[in-house]
Amino acid sequence: MPSDNIKTKPWRFCSQPVYRLLLLSLILVSLIPVLFLMMHLYQAAWNNAWREINEKHRLLALNLANPIKIYIDDRRSMLGKLAQDIANDHSDSLAVQQAKLKDAMLFMDGFKSIALVSKTGKTLILAHNNNVLGKHDHRYRNEKCFLHSRDTHIWCLSDIKIGPTGKTPTIIMTQAIPTEGNRPTDVLLAELGIHAIDNLRKNIKFGKRGHSAIVDKRGHVIAHPNPEWMKTMHDLSKLSIVQKMMHGETGVAEFFSPYINANMVAGYTSVPEIGWGIMVPQPLQEIKDQVSKLMLSHTRWLFIGISLSLQIGR
């Protein structure tokens, strides 16, 4: 008996009305181009996602680079004007110059301290709220930016480092006091805080877990959503995307983020003149979820259409 039932099943299928067989055949045949269409839609969805990444992520990184450059240029101009004021004061009075530095600390936002350092490396004046200047203070003597500005009369901006005064992550900016000739000269040395730079970074986000980050020329963290990394000036120079930024490149790249512990896609660029790197990464999974959501919507409509066809064909 069971064997007879098995033999009759194919005949049952063939005994169906012709219109049903025809409908089923049409559905099966129509599925072939539909499957090709779904593959095309999937590829198109990915192309659109990558186009959006190239346009938006890269643009966001470029848009963050501009205000950072303006912020640094403004502080450079402030320090340059103060250096010129000191150069124009021919009284050589340390008391007058100290007053100028204290006034500057009140109005020059972003500076944690400003010092006047002699050409020999001795700190002549220090404007800082919680620090006492000793008689033989040479804390800046070996500072590279001090030596550079003293000998070349060209301003200098350091990488992120522990400040000699505040003992916290800071950026040192130096400006030589204008003099005639190219002889070594006294130098204004300022410690620039990173709080304002991090506030600029916080304005840039993308996606649910997307963020932005800023590194110096060595690939060390200046501003990042991880406060511990900022405190320790975490070294990201081994990341491929950071290496691209250190070479002054701009673009979009994939990389593995140790912070999110996931594969990321990011727009990146570098800040002209100062060489800092900026990236705006987003988890790659978020991009995949967007594509999957779009494909699910198309697939749902496909099955609705097939269901309606089957209902009508009964």
Any side-chain heavy-atom pair of His153 and Thr179 under 4.5 Å: yes
Throw together a table of side-chain donor-acceptor distances under 3.5 angstrom for residues 233-240, partners on residues two or more places apart or in other chains.
unit_1 : atom_1 : unit_2 : atom_2 : d
Asp235 : OD1    : Ser237 : N      : 2.9
Asp235 : OD1    : Ser237 : OG     : 2.7
Asp235 : OD2    : Ser237 : OG     : 3.4

Closest approach of Ser118 to Thr120 (non-hydrogen atoms, all atoms of both residues): OG-OG1, 2.8 Å
Residues forming a side chain to side chain contact (heavy atoms under 4.5 Å, CB included) with Lys244, sequence neighbours excluded: Glu249, Ala253, Tyr268
Any residue meeting side chain to side chain contact (heavy atoms under 4.5 Å, CB included) with Thr168, in chain and number order, not counting sequence neighbours: Lys112
Residue Asn88 excluded, over 12 heavy atoms near CG under 6.0 Å: yes
Test salt bridge (Lys or Arg N to Asp or Glu O under 4.0 Å) applied to Lys100 - qualifying residues, sequence neighbours left out: none
Any donor-acceptor pair under 3.5 Å from Ser212 side chain to Arg201 backbone: yes
Partner set under side chain to side chain contact (heavy atoms under 4.5 Å, CB included) for Ala87, not counting sequence neighbours: Gln84, Ile177, Pro178
Side-chain donor/acceptor of Asp137 to backbone N/O of Thr123, under 3.5 Å: no
Heavy-atom pair of closest approach, residues Ile172 and Glu191: CG1-CG, 4.3 Å
Donor-acceptor pairs are to be reported for all side-chain atoms of residues 61-83 against protein atoms at under 3.5 Å, with residues two or more places apart or in another chain.
unit_1 : atom_1 : unit_2 : atom_2 : d
Asn63  : ND2    : Leu59  : O      : 3.4
Lys69  : NZ     : Asp73  : OD2    : 2.8
Arg75  : NE     : Asp109 : O      : 3.0
Arg75  : NH2    : Asp109 : O      : 3.2
Ser77  : OG     : Asp73  : O      : 3.0

Exam field: side chain Arg150 to backbone Pro184, donor-acceptor pair closer than 3.5 Å: no
His138 atom NE2: more than 12 heavy-atom contacts under 6.0 Å: yes
Test item: Leu116 and Leu188 side chains (from C-beta on) under 4.5 Å apart, heavy atoms: yes
